[in-house]
Amino acid sequence: EEKRDDIIRLMKEAGYESERMDEDIIYLYAKVCYDEDNDELTGGKHIQMFMEEIQSKDPIKHIPKDFIMVSRASIMLRGLAHALHQSRSVAKAWKPIAEKVLRDEGILV
């Protein structure tokens with residue numbers, strides 16, 4: 001179950017910063033970078049065009065460097081999935097692994 005407010009809060013806690021801190025843009029950025037892209041989310045635009053559009057609405061000032069490669073990997077994996085007509089939610093696929101790591105580290109009880 002997705003919780004929009006939690007996604008926005010976690011993005012802020014992770015260090016995401018933009019000029020206006022527009023919560024709609026923060027949510028869209030998180031969804032496209034770390035989860036999924038589809039016509040409903042992007043309004044039918046190609047992912048590059050969509051990212052340029054949201055960047056123009058609320059320019060990003062800072063993204064923690066550790067998150068850049070994660071978003072790049074997520075987008076690249078989804079690109080391959082789209083080419084094979086197998087769209088997926090990366091966040092749902094990674095969730096059990098992330099939860100296990102957090103439990104092992106004592107962060108998630």
Can you give the donor-acceptor pairs under 3.5 Å from side chains of residues 96-109 to other protein atoms, not counting sequence neighbours?
| from | atom 1 | to | atom 2 | distance (Å) |
| --- | --- | --- | --- | --- |
| Lys100 | NZ | Asp104 | OD2 | 2.6 |

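- If you take NZ on Lys95 and NZ on Lys92, they are separated by 9.5 Å, rounding to the nearest 0.5 Å.
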For this session: Starting from the C-alpha separation in whole Å, work towards a yes-or-no answer on side chain to side chain donor-acceptor pair (under 3.5 Å) for Asp35 and Ser89.
Result: CA-CA 5 Å; Asp35 187 18; Ser89 164; 2.3 Å; yes
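- One finds the SG atom of Cys33 at 7.0 Å from the CE atom of Met11 (value rounded to the nearest 0.5 Å).
- Closest heavy-atom contact between Arg20 and Asp58: N-OD1, 2.6 Å.
- Within the 4.5 Å cutoff, no side-chain heavy atoms of Asp22 are placed close to those of Lys57.
- Here the side chains of Arg9 and Asp5 are not in contact, with every heavy-atom distance at 4.5 Å or above.
- Lys3 places none of its side-chain heavy atoms less than 4.5 Å from the side chain of Ile7.
- Evaluation of the ring-ring contact (aromatic ring centres under 6.0 Å, His included) rule for Tyr16 yields Tyr29 as partners, not counting sequence neighbours.
- With side-chain heavy atoms closer than 4.5 Å counting as contact, directly or through intermediates, Met49 stands alone and belongs to no larger hydrophobic cluster.
- As a member of the Ile/Leu/Val/Met/Phe/Trp/Tyr network built from side-chain separations under 4.5 Å, Leu10 groups with nothing else and remains a singleton.
- Considering only heavy atoms from C-beta on, Thr42 stays 4.5 Å or farther from Ile47 through its side chain.
- Between the Arg88 side chain and the Leu77 main chain, no donor and acceptor come within less than 3.5 Å of each other.
- For Gln55, there are no side-chain hydrogen bond (donor to acceptor under 3.5 Å, both in side chains) partners at least two apart in sequence or on another chain.
- Interatomic distance, CD1 of Ile63 versus CD of Glu17, reported as 10.5 Å (0.5 Å rounding).
- As a member of the Ile/Leu/Val/Met/Phe/Trp/Tyr network built from side-chain separations under 4.5 Å, Met76 groups with nothing else and remains a singleton.
- At a threshold of 4.5 Å between non-hydrogen side-chain atoms, the residues Phe50 and Asp37 do not count as touching.
- Tyr34 is listed as a side-chain neighbour of Phe67, based on a closest heavy-atom distance under 4.5 Å.
- Between the side chain of Ser74 and the main chain of Val70, no donor-acceptor pair closer than 3.5 Å is present.
- For the pair Lys61 and Ser18, the minimum side-chain heavy-atom distance is 4.5 Å or more.
- Residues Ser87 and His82 are in side-chain contact: their nearest non-hydrogen atoms beyond the backbone lie under 4.5 Å apart.
- Under a 4.0 Å N-O distance rule, the pair Lys45/Glu53 qualifies as a salt bridge.
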